[in-house]
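See structure below.
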Amino acid sequence: MKYFAVIDTNVFVSALLSARAQKISNPMKVIIHMFSGDVKPVYNGDILEEYKDVLCRQKFHFDPEMVEKVIREIQRIGINIQGIETEEYFPDPDDAVFFEVAIAHKEKEDNTYLVTLCSS
């Protein structure tokens with residue numbers, strides 16, 4: 001069974017940070033499943049822009065070329081879909097697009113998920 005996922009930026013950040021420590025964290029497992037084809041990424045232009053903006057922040061020291069390769073691969077293997085505007089409240093308004101894209105794709109494919117991390 002193929003799964004579809006709107007992957008929050010924090011999953012990519014955590015996965016890339018754990019890769020530096022040579023750990024296979026749960027976020028890294030999500031990314032591995034995405035690149036292996038088990039999980040098909042769902043995105044739109046706003047999501048890709050956030051990925052690029054956040055992953056290129058100086059504090060993370062990620063290689064900009066590697067970030068561009070990841071984004072191009074997401075575009076190649078993923079599904080670009082526009083979200084459905086909702087009236088849901090989000091403490092961080094930038095998070096709304098992830099929810100809206102997940103809801104829009106879930107109308108087409110029931111096995112669509114929003115993958116994020118919770119901080120404790």
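All residue numbers refer to positions in the sequence shown, counting from 1. Note that this is a predicted model, so its numbers are computed, not measured. Atoms considered below: every heavy atom in the structure, side chains included; atoms not considered: hydrogens, waters and symmetry mates.
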As a quick check of understanding, evaluate side chain to side chain contact (heavy atoms under 4.5 Å, CB included) for His61 and Arg20, giving each step before the final call. CA-CA 11 Å; His61 303 286; Arg20 271 194 197 146; 3.7 Å; yes
Check whether any side-chain heavy atom of Leu16 sits under 4.5 Å from a side-chain heavy atom of Met66, and report yes or no. yes
Does a side-chain heavy-atom distance below 4.5 Å link Asp95 with Phe99? no
Decide, yes or no, whether a salt bridge links Lys40 with Glu109 under the criterion of side-chain N to carboxylate O below 4.0 Å. no
Locate the shortest heavy-atom distance separating Asn44 from Ile81; write the atom from each residue and the value. CB-O, 3.1 Å
If you compare all heavy atoms of Ala102 against all heavy atoms of Thr112, which two are closest, and at what distance to 0.1 Å? O-CG2, 3.8 Å
Kindly indicate whether a cation-pi arrangement holds for Lys106 with Tyr113, taking the cut-offs as under 6.0 Å to the six-membered ring centre and within 45° of the axis. yes
Of all the heavy-atom pairs spanning Phe4 and Val42, show the shortest one and how long it is. CB-CG2, 3.9 Å
With Ile74, which residues qualify under side-chain contact (heavy atoms from CB on, under 4.5 Å), at least two apart? Phe12, Met34, Pro41, Tyr43, Leu48, Tyr51, Val70
So which heavy atom on Met28 is nearest to which on Ala15, and how close? CE-O, 3.1 Å
Lys2 atom NZ, neighbour heavy-atom count above 12 within 6.0 Å: yes
Got a sec, which residues hit salt bridge (charged side-chain N to carboxylate O under 4.0 Å, His left out) with Glu73, two or more places apart in sequence or on another chain? Arg76
Atom CD1 of Ile24 with >12 non-hydrogen neighbours under 6.0 angstrom: no
